[in-house]
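Note sheet for the following structure.
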Amino acid sequence: MALIVQKYGGTSMGTPERILNVAARVKRWHEHGHRVVVVVSAMSGETNRLIALAHAVTDTPNAREMDQMLATGEQVTIALLAMALQSIGIGAKSYTGGQVAIKTDSSHMKARILGIEHAAIEQDLSANRVVIVAGFQGIDDKGDVTTLGRGGSDTTGVAIAAALKADECQIYTDVDGVYTTDPRVAPKASKLDRITFEEMLEMASLGSKVLQIRSVEFAGKYQVPLRVLSSFDTGKDGAFDTAWQQQTGTFITTEREHDMEQPIISGIAFNRDEAKLTIRGVPDQPGIASRILSPIGDANIEIDMIVQNVAADGTTDFTFTVNRSEYKKSLALLQNIGQDIGAKDVNGKDDIVKVSLVGVGMRSHAGVASKMFSTLAAQNINIQMISTSEIKISVVIAENYLELAVRALHTAFGLDRKTGETSVPA
Ligand code: ADP
Ligand code: ASP
Ligand code: MG
């Protein structure tokens, strides 16, 4: 019988009824003789509520105290799920990240997992108990509570699966798998039965929030069999009676196993969390890029795309993107830099989005970029920035064209669900 790690997200844990549903599903797996470790998120909306509370108290919340507070969301749901399981006759025990212990570094709100002590979990499993672990949190070497960044429960799930050498890590969420793009934006998105780690990593890093990027990195590094599936989909559970491996959802796989012919484009990702800054009329001299961008990096602001153009008058313009939450801070910094180096103008926009095509098949196909650009042109969508790599092309466009762009590209690259397919999100 198998050892399974199941992770349930915020929507799946969002109400007492849903928690009871999760308990019923865990019970079925347990009754079939599988050992089950469950990782849970806070109830949907709870982490946002806590962050808003902190900002109602101060504009600059202390990161250690944020983590102390944020970890409470998951502490509630682990206990509720343990109670729900006990109420239907299943032995269950809940653990916070610190109690496990999930050891992390001390980078509050974006901590990295360094190791997991799993002896207590193994003991509980041997005693036929279901173990429930709080997602998104850990403990550092000073004993302080840490959190892993938004969406971090996915990473907890995969890290525990890796530590226990689980047979599969199942990420249960509010859609029934990974789609060619967010099905809430493109209703014709189709569900993928399989996607490679490489592509999933690219999709996650370019904004697809269905899996946190670190969970995909972890699963790839430690070869954790990883599946995304719906917690609302009850019809398919009978399948594991005979072969739980036949479960539905999307399996994240290595390229070698993926022997079907590669589509050129596997998916479309987008990121609404970006903002764009431009500094114009800068003297075009060696070292200028560093003078502009170093103070931004020194302020711990991550820069994403960068474009530089040299004008005929010998000056140069720089445009770069940052996370939207750091837009105001970046603009203020850039205005100071602009004054120091005698730039003509500094400006920015925070109503932009990045839309990206992802596919390992792009490596062997020319013409993807030109097809992308002509598709957007046909919709009268102006491209503000472009960046490419071997397996992706990203463009920055105005935010109000996001849906139109994603749907047009989805159709142009042949990703729309075929009529007759019934795959729709829960
Ligand atoms: P959870 O709370 O279960 O962790 P998330 O909200 O973090 O759930 O992730 C699931 C959501 O990810 C879906 O509801 C969907 O809107 C979004 N999403 C974005 N891109 C994709 C994609 N390519 N395939 C499926 N879902 C996607
Ligand atoms: N509750 C955390 C969040 O909302 C972690 C998670 O859900 O994965 O980001
Ligand atoms: Mg999530």
Side-chain angles (χ1 to χ4, degrees), residues 6-14 18 22 39-52 66-67 69-78 97 109-111 133-138 146-159 170-193 195 199-216 227-233 249-250 252 265-273 353 355-359 402-403 406 409-410 415 417 423-426:
Q6 300 187 334
K7 177 262 170 175
Y8 291 91
T11 318
S12 313
M13 296 295 288
R18 288 183 177 173
V22 168
V39 172
V40 296
S41 292
M43 291 170 131
S44 54
E46 179 62 5
T47 308
N48 287 344
R49 188 185 74 87
L50 293 169
I51 293 171
M66 277 297 267
D67 279 351
M69 174 190 67
L70 288 178
T72 62
E74 274 73 8
Q75 191 167 345
V76 170
T77 46
I78 51 169
M109 299 174 72
K110 48 181 177 200
V133 178
F136 176 57
Q137 55 180 263
T146 55
T147 64
L148 310 179
R150 298 306 304 267
S153 300
D154 297 335
T155 303
T156 309
V158 173
Q170 302 175 338
I171 307 284
Y172 285 91
T173 183
D174 55 5
V175 286
D176 60 357
V178 178
Y179 279 67
T180 44
T181 191
D182 188 339
R184 295 185 203 285
V185 166
K188 289 185 185 159
S190 20
K191 187 174 78 67
L192 301 165
D193 292 333
I195 183 170
E199 287 167 321
M200 193 62 240
L201 207 54
E202 205 68 33
M203 291 278 280
S205 76
L206 293 167
S208 288
K209 292 190 173 131
V210 61
L211 284 176
Q212 198 203 31
I213 181 166
R214 282 195 190 161
S215 71
V216 187
R227 191 183 295 275
V228 176
L229 59 182
S230 166
S231 68
F232 299 115
D233 179 3
T250 301
I252 323 296
I265 301 300
S266 311
I268 303 175
F270 55 85
N271 190 350
R272 289 190 171 99
D273 296 334
V353 284
V355 178
S356 309
L357 300 181
V358 175
L402 172 67
E403 272 88 2
V406 170
L409 291 167
H410 200 267
L415 298 174
R417 185 159 25 96
S423 176
V424 283

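Everything numeric here is computed off the predicted structure, so don't read it as measured data. Both ligands and their constituent atoms are indexed starting at 1 by order of listing.
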Handout entry: Side-chain donor or acceptor of K191 paired with backbone N/O of G249 under 3.5 Å
Key = yes
Exercise for the section: May I ask you to say whether R272 pairs ionically with E403, meaning some side-chain N is under 4.0 Å from a carboxylate O? Expected result: yes
Handout entry: For atom 3 (C) of ligand 2, closest protein heavy-atom neighbour
Key = R150 NE, 3.4 Å
Practice task
Check whether any side-chain heavy atom of T180 lies under 4.5 Å from a side-chain heavy atom of M203, and answer yes or no.
Solution key: no
Exercise for the section: Report yes if some heavy atom in the side chain of L50 is under 4.5 Å from a heavy atom in the side chain of T72; otherwise report no. Expected result: yes
Exercise for the section: Establish, from distance only, whether the side-chain atoms of T11 and D174 form a donor-acceptor pair under 3.5 Å. Expected result: yes
Handout entry: Geometric N/O contact D154 with ligand 2, under 3.5 angstrom
Key = no
Exercise for the section: Using a 4.0 Å heavy-atom cut-off, say whether E74 meets ligand 2 through its side chain, its backbone, both or neither. Expected result: side chain
Handout entry: Best match, G9, S153, G149: closest heavy atom to atom 8 (O) of ligand 2
Key = S153
Exercise for the section: Could you tell me which residues satisfy ring pair (Phe, Tyr, Trp, His ring centres under 6.0 Å) with F136, sequence neighbours excluded, listed by chain and number? Expected result: none
Problem - Note: D273-K209 ion pair, threshold 4.0 Å (strictly below) - result: yes
Exercise for the section: Identify whether the distance between the nearest side-chain nitrogen and carboxylate oxygen of D154 and K7 falls below 4.0 Å. Expected result: yes
Exercise for the section: Check each atom of ligand 2 against the heavy atoms of S41 and keep those under 4.0 Å away; list them by number with element. Expected result: 6 (C), 7 (O), 8 (O)
Handout entry: Qualifying residue, where the test is side chain to side chain contact (heavy atoms under 4.5 Å, CB included) with V40 and the options are V133, I78, T156
Key = I78
Fill in the blank from the handout: Using heavy atoms and a strict 4.0 Å limit, residues surrounding ligand 1 turn out to be K7, G9, G10, T173, D174, V175, G177, V178, Y179, T181, D182, P183, R184, M203, S208, K209, V210
Handout entry: Backbone or side-chain N or O of G151 under 3.5 Å from ligand 2 N or O
Key = yes
